[in-house]
Amino acid sequence: MSVLESTATELLAELAAGNVSAAELTQTYLAQIEDHDEAIGAFLNVDAERALTQAEAIDTRRRAGAKLGLLAGLPVAVKDVLCTKGWTTTCGSRMLEHFVPPYDATVISKLKAADAVLIGKTNMDEFAMGGSTENSAFKRTHNPWALDRTPGGSSGGAAACVASNMAPLSIGTDTGGSIRQPAAFCGVTGMKPTYGRVSRYGLVAFASSLDQAGPLARTAEDVALLLEAIAGHDPLDSTSANVSTPSYTATVREPLAGLRLGVAREHFGDGLDREVDAAVREAIKVFESQGASVHEISLPHSKYAIATYYIIAPCEASSNLARYDGVHYGYRTDEKEMLAELAEERKALEAAGDRARLDALDSSLVRMYRETRSEGFGAEVKRRVMLGSYALSAGYYDAYYVKALKVRRLIREDYDAAFKDVDLIIGPTTATAAFKLGEMNEDPLTMYLQDLYTVSANLAGIAAISVPCGITGSGLPIGLQLQAAPFEEEKLLRAAHMFQRATDWHTRRPG
Amino acid sequence: MGLTRDEVAKVSLLARLRFSDEELDTLTTQLGQVVEYVRQLEELDTESVLPMAHVEDNHNIFADDLPRPSLNREDALANAPKRDDECYRVPAVLGD
Amino acid sequence: MNDKPYEIIIGLEVHVQLQTQSKLFCRCSTTFGQPPNTQTCPVCIGMPGALPVMNRRAFELALKTAVALNLDIPAFTKWDRKNYFYPDLPKGYQISQFDLPMSQHGWLEISDPKGAFEPKRVRITRAHLEDDAGKSMHDEAAGKSDSRIDLNRTGTPLLEIVSEPDIRSPQEAKAYLTELKLLLTYLGVSDCNMQEGSLRVDGNLNLHIDTPEGRIATPIAEVKNMNSFRAVERAMAYEAQRQCEVWRENKIKLGDKPGGHKTTRGWDDTQQVTIKQREKEESSDYRYFPDPDLLPVIVTAEEVEQVRASLGELPAAMRTRLETTYGIDPYDSDVLVNQGRELVVYYEELATASGDGRRASNWVQQDVLRTLNESQTSISEFSVSAAALADLLKAIKAGDLDNTRSKDVFDEMVRSGRTAGDAMATLGIEKVDASDAESLCRELLEANPKIVEDLKAGKMKAVGSLIGQAKQKNPNVNPGQFKDMCLKIVESM
């Protein structure tokens, strides 16, 4: 059997049977990274020594007959937005280039407790803001299916490393589609769990009421495995749901009898690529052939989702990112240079006798903040911080933020109504397959509109998964999105598995 | 009411960011477009809708008042861009 | 007060540190005075990814205080982020409460036992729970050097209590603070130590002035950095005088442009003046919004009633009860109650056991408090039990010993911790038998015919010499009783 061709679930059996050791497995993936990541750019940080030490420790414990965790010996890649104790966590930002957290995110603690091998930290759009991973301060990630195309984002590295066999499992985060869209673009399976299902403690916040970590893998079975390892109530996260975690691995292979699928007419409107449309309709037939019924539903407020999202997310982000001010950690501007420049400005204003501008001149502390943040953040982050600061500022709060929170409720109520009649909502993950790198650079609004099908799940806090469901004529993967009511991940996984038993899209690998 | 360059400049101080004149122009245009787009929400009547700040209905989440060990000082200060043995250091807060 | 050409309008904002073991949103210790930056963690440093979880005890203490301040407790409350940049605020926002605070619309009654102002209710706008910032230390001497930041205090629970502008004089301001501090102490929610910053006060003050064009208001000044109640009283008095002078000079009213906006001033305790603080136009745009990391808190009416029932007797009610039960004056009940609940318990035991509330009140206020002050101890450590002191008071009332001797007995009781009877025996004090006293009296009258003559002539002062002689012969003679006896015998002579 070839390690790189295997799913995580298969590898786990091999590990348990002693046919392969965790160290060998880790070596194999490290070699694969060594060979391919220069071209792909999925990883920001690979620590071979750390990974091998971890793997060897697991092997030793296995030989000693110790009881091992759920992921015993499986390499897992982690998006560089989750804090890892003693291991640089950059969030793809110059601001945190040298930030070494003194603590582990709960997801990381759970992975360690499950005896996973942390193989590397993956590239992402800076602070998870973006849909192409081009907003990383450090490097571009290329789509393994076509190197001139984006892997999607913000979890571009997380999806690309699985698609190019550099890790069997990886953790991403999803605030408006950041797991599902890259999963669709890279031809892998990726889930955004229900808000509250996976702890956010140690997940560096972008938009706190929308952020959720989740698994990316090749198959629904593997996603079930990884979700089971990271899900669960966390007393360190007030928004973590105090519900028990089902054994997803135990039920994922059970088909859903009498599955009722909802098809929202809003998901098939203008702008949907014809090939994507066809692939999704084909996928619906695959479910029908297994006994599922299809019902037309409506999500009337979904057309407002992007507008709602691009108020709420930037508002929360503007506040979440205030802590990056060059005082307690992270980047700080060159102080001498900054002070010299400020002194010069003052001198010039004094010479000109410009009282008003002299009064308005920054103090050295304020200038330190402004320079630090302007140099430490990239353009997209600054844009969103500006947008959020504006929308929350005096006089605008009700018109933008409160209004958006109200529409958010309407969006959630659409879903609540729909899930009375159907088990899952089926549709495209994205309107098109992966676009070209550089294509969206100069037009933020067009970029924002890409999130059309994914943001609603975050606004409503529900669970959703993207599964490969086709390949375009030009050889790019297409993603199918399934959405479920809160805490119905089990249904999503079982339905996704049903689909993957009947199709082989998820087994396709880039050329 | 579009977004004016003056407003953008004011917000940049509020957000502790600093832009060149050219950047301010670009931002005014880009943010203006987004603001224009999100204002489509105005067409919805939300008079009787309650704002939804959290997707969950949960409430009263507390922890018990039991002190736990803090970080040791070296770990706490390790990431500081400027520090001494005890404290973080910043340009004078009372300065001009 | 009405002779002043203006009326002073004051509202106070008080920040009280709640007495919890751990911080509001993390479990770092709140112990005061530890070395800098030794009580911090990812949560209170505002490290990327860290999340707050609210301290249950902090909320309970806040709720208890709010109920005691007669505030309404809404069923639903939430926390908001107050966004601003400052080096001692590592998250870049304070977690506070904006539009739906945990309590609002209450009052605190204040009065002055000496009658400096009429008793009144100061309305309380709201009280809400928020986290504290850290400490910026600046070495002024070093001029433009860095500021140093200590985050030990960051995240300590604070209750902000905001009054309506109902306070009309610096004296009332001080009385409000004194009464508030007393209440908080009775509730056990805060140690209210101003030196350690457990209680901080900001005052908003302006003047209403009658002018020929009608009543006008001067621009409001918020005065900060007042580190004692005395400082508050002085700062408010100074600021009122200053605003009056400024008004005479520039005639700028509240809301006028330019110059009529609210300003911030700091109290300089050495110079005894308020000094204008630098401000920026944008500094007050805090961009409040609900903190997505924290969920709301719901309090039921039953829970509020449970809290109310658990409060125990509060100072105002206690004063009234002491006055009616023991027949003491408001001034006395005020002194007793202001000493705290334990002393009142002692007093009540003493008053009941001795059967004389007024005498008990005098003894507690004078001898007991003096002794406690001199020895720097509290009533719980006091060596004389209320029952023992009651025996002494009964002996005095029965005329068994005089005032001077009773002080000797009291001192002996304090010294030895023994009962009144034992202390009297040690000092050789015993009651003089009535017939012994009478024979002594007759003996002395016979030996002092001049004094008898004087007394018959109505020169009552002469009796003093007789008492002196009697005390020499028998120190246990009760001067009062002896005097009465002499006068009676002389009358019958």
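Below, chain A is the first sequence line, B the second, and so on; all start at residue 1. Only heavy atoms go into these numbers, but all of them, side chains included; no hydrogens, no water, no symmetry mates.
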*Any side-chain heavy atom of B/Tyr88 within less than 4.5 Å of one from C/Asp150?*
no

*Find the distance between OG1 (C/Thr38) and CG (B/Leu71) and round it off to the nearest 0.5 Å.*
11.0 Å

*Taking the side chain as C-beta and beyond, is there a heavy-atom pair between C/Asp146 and B/Val90 under 4.5 Å?*
no

*Just wondering, more than 12 heavy atoms not from B/Asp57 lying within 6.0 Å of its CG?*
no

_Test item: B/His54 side-chain N/O and C/Leu294 main-chain N/O as donor-acceptor pair under 3.5 Å_ = yes

*Would you confirm whether C/Asn37, through its side chain, and B/Arg73, through its main-chain N or O, come within 3.5 Å as a donor-acceptor pair?*
no

_I want to check something: taking the side chain as every heavy atom from C-beta on, are B/Asn60 and C/Leu295 in contact at a cut-off of under 4.5 Å?_
no

*Do you see a donor-acceptor pair shorter than 3.5 Å between the side chains of B/Asp65 and C/Ser22?*
yes

*Heavy-atom side-chain contact between B/Pro67 and C/Arg27 under 4.5 Å*: no

*chain B contact via C/Ile45 - which portion, at a heavy-atom distance below 4.5 Å*: side chain

*Heavy-atom distance under 4.5 Å to chain B: side chain of C/Pro87, backbone, both or neither?*
side chain

_Rounded distance [0.5 Å steps], CZ in B/Arg68 versus OG in C/Ser29_ = 13.5 Å

*Select one option (side chain, backbone, both, neither) describing which atoms of C/Pro290 are under 4.5 Å from chain B's heavy atoms.*
side chain

*asked:* Under the side chain to side chain contact (heavy atoms under 4.5 Å, CB included) test against B/Cys87, which residue among C/Pro36, C/Ser147, C/Ser136 passes?
replied: C/Pro36

*For C/Asp88, is it the side chain, the backbone, both, or neither that has a heavy atom closer than 4.5 Å to a heavy atom of chain B?*
neither

*Does atom CD of B/Glu22 have more than 12 heavy-atom neighbours from other groups under 6.0 Å away?*
no

*Given the options C/Gln39, C/Met47, C/Lys78, which has more heavy-atom pairs under 4.5 Å with chain B than any of the others?*
C/Gln39

*In terms of heavy-atom pairs under 4.5 Å, which option from C/Cys26, C/Pro42, C/Gly92 contacts chain B the most?*
C/Pro42

*Which atoms of C/Phe59 come close to chain B, meaning under 4.5 Å heavy atom to heavy atom: side chain ones, backbone ones, both, or neither?*
side chain

*asked:* Using side-chain heavy atoms (C-beta onward) and a distance below 4.5 Å, is B/Arg89 in contact with C/Ile149?
replied: no

*pair C/Tyr84-B/Leu14: side-chain heavy atoms closer than 4.5 Å*: no

*Look at atom CZ of B/Arg83 and say whether more than 12 heavy atoms of other residues, nucleotides or ligands are closer to it than 6.0 Å.*
yes

*OG-NZ distance between B/Ser70 and C/Lys23, expressed to the nearest 0.5 angstrom*: 6.5 Å

*asked:* Quick one, C/Met54 and B/Ile61 - any side-chain contact, counting heavy atoms below 4.5 Å?
replied: no

_With chain C as the partner, which of B/Asp84, B/Leu77, B/Asp85, B/Asn79 has the greatest number of non-hydrogen pairs under 4.5 Å?_
B/Asp84

